[in-house]
Amino acid sequence: MTVDLNWAELGFDYMNLPYRYESHWQNGAWDAGQLVSGNTITISVASPALHYGQQAFEGLKAYRTKSGAIQLFRPDQNAKRLANSAARLLMPAVPEDQFIAAVQQVVRANQDYVPPYGTGATLYLRPLLIGIGDNIGVAPAKEYLFTIFAMPVGAYFKGGMVPTRFVVADHFDRAAHFGTGQSKVGGNYAASLQAGQQAHAQGYGDAIYLDPLEHRYIEEVGSANFFAITQDQKRFVTPSSPSILPSITKYSLLQLAHDRLGLAAQETRVPIDALSDFSEAGACGTAAVITPIASITNGTHTHTFNHGATGPITTQLYAELTGIQFGDRPAPAGWLVPVD
Ligand code: PLP
Ligand code: COI
């Protein structure tokens, strides 16, 4: 029985659900892991996660289909990315089968909170891996904690699929060229707080980051990747860069733009001074889904896409992506994992 919540009004806010998953790594191995209740953890004050940012996290969603079934979208990709983030910070990987089984357990245990089909809401899952234990030197931890919690969510950017204005971050980079931008680690988000706060204070949805070497090429849109459609409506482009997060949504859209919409789809450098090449632009990610970009302000200049309205290709991509996620359109092989 689904709980009674105002599903359509949900934003992206924390909610403490009955169950989460926890597993500990000690002496070279993960324990069996289990469901626990309660949203607090007790760790050493000297834990490397607290002092030196030795932690990584993920974000994925569970979707309720028309028939009432529940499914995950590409959780294997989240498992692989967490393993990559872990490797970058010298943390042990969580094996892919353990990761997926743990996500399934958490969804199943909290299934009354998986929003009903048709509300647009989903169950967001937050896997988190942290270095713990008594460890004050700058060195990797000797113990690790992996937990997954969940919460029902609606739109990340206000209104969801509503054209949103963004602003280029003024003198802030979120990650260095050879830094941790490719890894989903807390330090990147700490580095983004000031630019995000400034953007919000000025009435924008979020900050757009430029490449940290030359500050000429678009990197990311806050906590989402960037894509654009060329004026001839024939090409889908999205930035290639060593310092952006490899977005699972972005790689899914690259494939769908090509296979289903017949566009040429490529990762390439996207100069901030070439925005007039594009008729549409968008932000994409698990939380953001697809958020159309109404305009980008860079210093004193503002470029508006498609008169500030959602463009036709963005609309088609949104329908294709969310149609697959909610089980209304056929999915490429391996993209959906059921939660029975
Ligand atoms: N970029 C950043 C910085 C993010 O935090 C996210 C969210 O996960 C994304 C991009 C989008 O990635 P994905 O589509 O895998 O959610
Ligand atoms: C996600 O889309 O899962 C994200 O990580 C965004 C989050 C940082 C709010």
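When a ligand or atom number is given, it counts from 1 through the structure's own listing order. Note that this is a predicted model, so its numbers are computed, not measured.
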Completion exercise
Under 4.0 Å from one or more heavy atoms of Asn225, ligand 1 contributes atoms 1 (N), 10 (C)
Handout entry: Closest protein heavy atom (residue, atom, distance) for atom 1 (C) of ligand 2
Key = Tyr124 OH, 3.5 Å
Problem - Taking atom 2 (O) of ligand 2 as the reference point, the nearest protein heavy atom with its distance - result: Ala287 N, 2.8 Å
Exercise for the section: Kindly give the heavy-atom pair with the smallest separation between Pro18 and Tyr113, and that separation in Å. Expected result: CD-CE1, 3.6 Å
Problem - Side chain to side chain, Ile208 and Glu220, heavy atoms closer than 4.5 Å - result: no
Exercise for the section: Say whether Ile248, considering both its backbone and side-chain N or O atoms, lies within less than 3.5 Å of an N or O atom on ligand 1. Expected result: yes
Handout entry: Atoms in ligand 1 flagged as close to Gly285, the criterion being non-hydrogen separation under 4.0 Å
Key = 11 (C), 14 (O), 16 (O)
Problem - Lys250/Glu267 salt bridge by N-O under 4.0 Å criterion - result: yes
Completion exercise
Honestly, for Lys184 the part within reach of ligand 1 (heavy atoms, under 4.0 Å) is side chain
Handout entry: Qualifying ring-ring contact (aromatic ring centres under 6.0 Å, His included) pairs with a residue from residues 220-261, counting only residues at least two apart or across chains
Key = Phe227-Phe236
Practice task
Give the single entry among Arg174, Arg81, Glu220 that approaches atom 15 (O) of ligand 1 most closely by any heavy atom.
Solution key: Arg81
Exercise for the section: Check Ser252 against Arg74 and note the closest heavy-atom contact, atom names and distance. Expected result: OG-NH1, 2.9 Å
Exercise for the section: Could you check atom 5 (O) of ligand 1 against the protein and tell me its nearest heavy-atom contact, residue, atom and distance included? Expected result: Tyr189 OH, 2.5 Å
Exercise for the section: Number the atoms of ligand 2 from 1 as they appear, then name those within less than 4.0 Å of a heavy atom of Tyr189, with their elements. Expected result: 8 (C)
Fill in the blank from the handout: atom 4 (C) of ligand 2: closest protein heavy atom, distance to 0.1 Å, is Lys184 NZ, 3.5 Å
Fill in the blank from the handout: Within 4.0 Å of some non-hydrogen atom of Ser247, the atoms of ligand 1 are 11 (C), 12 (O), 13 (P), 14 (O), 15 (O)
Exercise for the section: Give the cluster check for Tyr204 versus Tyr209: same hydrophobic cluster or not, with ILVMFWY residues linked at side-chain heavy-atom distances below 4.5 Å. Expected result: no
Problem - Proximal atoms of ligand 2 relative to Ser223 (non-hydrogen, under 4.0 Å) - result: 6 (C), 8 (C)
Handout entry: Backbone or side-chain N or O of Leu60 under 3.5 Å from ligand 2 N or O
Key = no
Handout entry: Heavy-atom check, side chain of Val339 versus side chain of Leu72, under 4.5 Å
Key = yes
Problem - Charged N-O contact under 4.0 Å between Arg81 and Glu58 - result: yes
Practice task
Indicate yes or no: at least one non-hydrogen side-chain atom of Ile293 is less than 4.5 angstrom from one of Val221.
Solution key: yes
Exercise for the section: Identify which one of Phe12, Tyr14, Phe73 satisfies the ring pair (Phe, Tyr, Trp, His ring centres under 6.0 Å) criterion when paired with Tyr124. Expected result: Phe12
Practice task
Compute the minimum heavy-atom distance from Arg126 to ligand 2 and say whether it is under 4.0 Å.
Solution key: yes
Problem - Per-atom contacts of ligand 2 with Tyr156, taking only distances under 4.0 Å to non-hydrogen atoms - result: 9 (C)
Completion exercise
Looking only at protein heavy atoms, what sits closest to atom 16 (O) of ligand 1 is Thr286 OG1, 2.6 Å
Completion exercise
Min over Ala288, Ala287, Ser223 of heavy-atom distance to atom 4 (C) of ligand 1 lands on Ser223
Practice task
Apply side-chain contact (heavy atoms from CB on, under 4.5 Å) to Tyr117 and list each qualifying residue two or more places apart in sequence or on a separate chain.
Solution key: Arg64, Lys66, Phe326, Asp328
